[in-house]
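A short worksheet on the structure shown next.
Proteins come first, then strands; the chains are lettered A, B, ... in the order of their sequence lines, and each starts at number 1.
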Amino acid sequence: MTEIEATAAEAAVPEAVGAEAAGAEAGAPGFGVYVHWPFCLSKCPYCDFNSHVRERVDQADWRQGLLREIDHYAALTPGRTVTSVFFGGGTPSLMDPATAAAVLERIAARWTLAPGAEVTLEANPTSTEAQSLAGFRAAGVNRLSLGIQALDDRALRFLGRGHDVAEACAAVELAARSFDRFSFDLIYARPEQTVAAWRDELRRALAMAVGHLSVYQLTIEEGTQFHALHRRGAFAMPDDDLAGALYEATQEELEAAGLPAYEISNHARPGEEGRHNLTYWRYGDYVGIGPGAHGRLTLDGTKWATRAHRAPEVWLERTARGGHGAHPHEPVPAEARATELLMMGLRLAEGVPLARISEEAGTPLAELVEPAALDRLVAGGFLEITPARLRATLAGRQRLNAVLAALLP
Amino acid sequence: MTDISHIRNFAIIAHIDHGKSTLADRLIQLCGGLDQREMREQVLDSMDIERERGITIKAQTVRLLYKARDGQQYTLNLMDTPGHVDFAYEVSRSLSACEGSILVVDASQGVEAQTLANVYQAIDNNHEIVPVLNKIDLPAADPDRVRQQIEDVIGLDASDAVMISAKTGLGVDEVLEAIVTRLPAPKGEADATLKALLVDSWYDPYLGVVILVRVVDGRLKVGQKVRFMATGSAHEVDRVGVFTPKALMTGELGPGEMGFITAAIKDITLTKVGDTITEDRRPASEPLPGFKPSVPVVWCGLFPTDAADFERLRESLGKLKLNDASFHYEAETSAALGFGFRCGFLGLLHLEIIQERLEREFDLDLITTAPSVVYKITMTDGSVMEMHNPADMPDPVKIDHIEEPWIKATIFLPDEYLGGVLALCTERRGQQIELTYAGSRAMLVYRLPLNEVVFDFYDRLKSISRGYASFDYQFDGYEEGDLVKMAILVNAEPVDALSTIVHRSQAEKRGRALCERLKDLIPKQLFKIAVQAAIGGRVIARETISAMRKDVLAKCYGGDISRKRKLLDKQKEGKKRMRQFGQVEIPQSAFIAALKMSDS
């Protein structure tokens, strides 16, 4: 799959008023549609996402499947206004641009597509995919997210990427020409990476940027090639001290360049934040279309978790037969809603409005967590409480797993 | 009732693995006690653990009928005894029921530490001793050297030692003949007042308490009302029999005979080992010389890993206690480990065996705290208390002095490892008493404080000598020592389960080792953690666990919040297995690992 998201602002969507209409700073969670394209040309050794390699993919069948599932979810959520669409994967840039166009058309037809709605496509920086970019732009994509991952040829080979630094740079240039908004992903905490080398790489990335950068720590996930290799001792991962140092260096470099972190792994110039992912982090509603896609839908006050079959063929077959490939929806109980809200919202620099906590959990923060634990985390400099918000500090965000484990009962 | 002149009561004594149980198997076979089909190895060791470890824990008797070369039939009562020092008490009571011993020595290995300890006990019981050299079929066997060693080290005439291979059966008939011709018959009067020695007892779910007896004078019969002289309780005998090793009802036991009785007794505490059984109607005026009750010398805490298992642990300990009166337990609460029991054992092997039986037979997962010995504390007001739990240590200003138990240890080892073993003994505050050579093997006698021995001494000895050293010990009284309580503090909070009593000279080294170990075992947390070892208010070692620097999921795929929530739930689940000390969470696994600490 592609790791980075970039946005390109010009699109077939009428009048990209951008931030104003579908704006990030409005603070509203919004309503997003995620569309999953599960296919890749090859599986990256670190990737544990729902991605698959297939000899051939019947674009028409898949287009049909995606459209049918949109119909299904639109019927459940009539009258909503879609504030963002995100084509993720897999490698959605391998999709026929006509499919993207059809999906966007259907979304606009079944729901209301907000003026200036952000439409992001993940893409790999290869020359083949570059040829489709104009088509995607014409289809209505207005933001591109490029899976650059590294600006170091050795690292790119290690990460199993199909491109080199030269191709990456060319792709970024093309993206900058073709889309107003774009972003790219980088992966750090790679074996043998030093803080100095990483700072250097970040500076080169900043020279090419941009309004938005996603910077993810490499983690070894079960079921990946890296997991097996790492267990066999094929390479060593940085310890938490080095990972912490790399993270801190990232904050310094990007902050100084005017791209502060607005989320744990995401940096943007003010106003350039990824609208779609903000919906996740603000714990808004989103529809998940495609195999393995997840959603959260509030219907008559109940929050539902939706989840589609992961296997592409199973999903396609079910969608053809029954209109959707989802497992039965599961209600999210109040306590879990509060947990999910905090888990997501504390990733954001802006934190979580206290009012949202009461709204999701049905009880105020004070009754939700151990007061002593909260005090300790505030005193330790990991959390901050203002009259309106609970937020994690930089130190807290960097250790959010432990903070959440300490905070939540 | 057998003619007393045709009875021989004997024990087999040997170092572990020298072939005691195999010889017993052969004797039983030769005398037709069991046929080929019923025979299996080590028939007398009925517990799995005995068979696996090749050791005998409980005493057993077997009656063998042997037609000797003089044409007469003899009744041979074999008393199978435990060989290990922890069970010295069982050994001594078993031996006191016999008139002679077969001393088995491995002809390829020679005299070992337990050989010596057991033989001295047999001599103390006025036994005739027949030396037997086993494994003479092995290429490494050196009977001449070993015979010489028996004479030099033990001081026993070995010129007519019986040469056998218990494995092949070679020479075993000579052992039977030697039992008849060289061991004395018991003495006793059939018409005298009944006096029988209570050798052992155990609880059988079907029969109630089964009592192993040796009749000294008089007769023991079904229907007879007997009285236990120490407890005063009286019971009607409902079964009288012998083990062949199968139980065989005989209805009666006469003087010199060994066997068992039952008397519908439910409460095992009524049948005190060493007690004298007499007739209720016509009681003996004097009991037989009894035994000292066994006293636990090593204590430790046993806690269930899962707190929900506490009740099951209590029940299991109760069941074990039914068959092992030497084991003690009392409830204990620890801030670190929750509810559990403080348990007393005869020694480290006993501790290990009980722990293993609890885990194996009762399927319990246990945490064992560091073993402690029993200290005698004399307070400034002159009163004396016994302490076996560091948590009970009184305020040092109220203590006049503390005494600790010492042992006299005998160690046999190939001389190439002598240097390392001497260093180990010195490091453990040992005092050398004797160092002698027999061929290329050395015999070391050391006085050592027991608390230095319970702290991984065996493991170190084994690793230094590559498993070739044999070790045995006996208690050698109490002596005053400069002993202090070393506490372990995590962020200034004492962790009760990790505090120990140590000699002042050892405290710093132990403290440093424990702190270093904990530094590796306690995971980094949001706040930095100080791990300290302290005596009173004085810190003697300190380590700092730095705060974690990064712990966060980098990204969240396609809005899959559920997966993240599951990860968080898993993390919270893990938190439940943590123990909270102030702000610090310590995983239970860290305690387990720290308590298993070796100082190497």
Side-chain angles (χ1 to χ4, degrees), chain A residues 1 3 32 34 36 48-50 86 88 187 189 214-219 239-248 264-265 277 279-281 283 286 288 290 292-296 305 307 330 332 336 339-340 343-344 347 376-377 380 382 396-406 408-409, chain B residues 307 335 489-493 516 518-531 543-590:
Chain A
M1 64 115 222
E3 287 266 352
Y34 175 79
H36 191 75
D48 71 330
F49 289 5
N50 189 29
F86 194 100
I187 295 179
S214 301
V215 189
Y216 297 114
Q217 180 181 347
L218 178 61
T219 53
D239 61 12
D240 88 309
D241 263 334
L242 180 52
L246 290 165
Y247 184 85
E248 286 156 18
I264 284 165
S265 306
N277 283 345
T279 296
Y280 299 156
W281 296 318
Y283 202 43
Y286 51 97
H294 287 252
R296 284 290 181 281
R307 180 168 63 96
E330 284 171 19
V332 185
T339 300
E340 291 188 343
M343 210 172 66
M344 298 307 279
R347 296 180 70 88
R376 205 156 61 217
L377 291 166
F382 301 109
R397 294 201 298 277
Q398 192 167 334
R399 300 162 180 87
L400 190 59
N401 285 351
V403 170
L404 287 169
L408 296 169
Chain B
L489 309 160
V490 171
N491 272 1
E493 296 254 349
E516 278 167 21
L518 285 167
K519 185 186 173 178
D520 292 336
L521 292 169
I522 299 175
K524 285 185 176 185
Q525 304 187 17
L526 281 172
F527 302 90
K528 94 179 164 194
I529 303 164
V531 180
E543 290 286 338
T544 304
I545 301 167
S546 58
M548 68 164 66
R549 195 150 169 201
K550 187 141 196 323
D551 177 27
V552 64
L553 298 174
K555 79 178 294 188
C556 158
Y557 151 67
D560 184 1
I561 308 183
S562 306
R563 183 167 117 176
K564 276 174 91 83
R565 179 152 55 87
K566 271 176 213 146
L567 287 174
L568 185 62
D569 285 345
K570 218 164 118 187
Q571 202 177 351
K572 284 195 283 183
E573 197 50 46
K575 213 166 99 174
K576 284 186 195 150
R577 282 192 298 274
M578 303 270 219
R579 305 286 172 171
Q580 189 87 30
F581 287 88
Q583 298 186 5
V584 183
E585 280 157 356
I586 305 180
Q588 205 173 44
S589 57

For a 4.5 angstrom cut-off between non-hydrogen side-chain atoms, does B:D560 reach A:F49?
no
Please report the closest heavy-atom contact between B:L568 and A:N401, naming both atoms and the distance.
CD1-O, 4.4 Å
Of all residues at least two apart in sequence or in a different chain, which pass the salt bridge (Lys or Arg N to Asp or Glu O under 4.0 Å) check with A:R307?
none
For A:I264, is it the side chain, the backbone, both, or neither that has a heavy atom closer than 4.5 Å to a heavy atom of chain B?
side chain
Considering only heavy atoms, which portion of A:L408 lies under 4.5 Å from any heavy atom of chain B: side chain, backbone, both, or neither?
both
A:R399 side-chain N/O to B:L526 backbone N/O, donor-acceptor pair under 3.5 Å:
no
Mind listing the closest non-hydrogen atom pair of B:K550 and A:A243 along with its distance?
CD-O, 3.5 Å
Counting only heavy atoms closer than 4.5 Å, note whether A:E330 contacts chain B via side chain, backbone, both or neither.
neither
Answer key: most heavy-atom pairs under 4.5 Å with chain B among A:R397, A:R376, A:E248 is A:R376
For B:K524 and A:D240 the tightest heavy-atom approach is NZ-OD1, 3.0 Å
Proximity breakdown for A:V332 and chain B, heavy-atom pairs closer than 4.5 Å:
side chain
Under 4.5 Å from a heavy atom of chain B, the part of A:A189 involved
neither
Minimal non-hydrogen separation, B:R549 against A:Q398, with atom names:
O-NE2, 2.9 Å
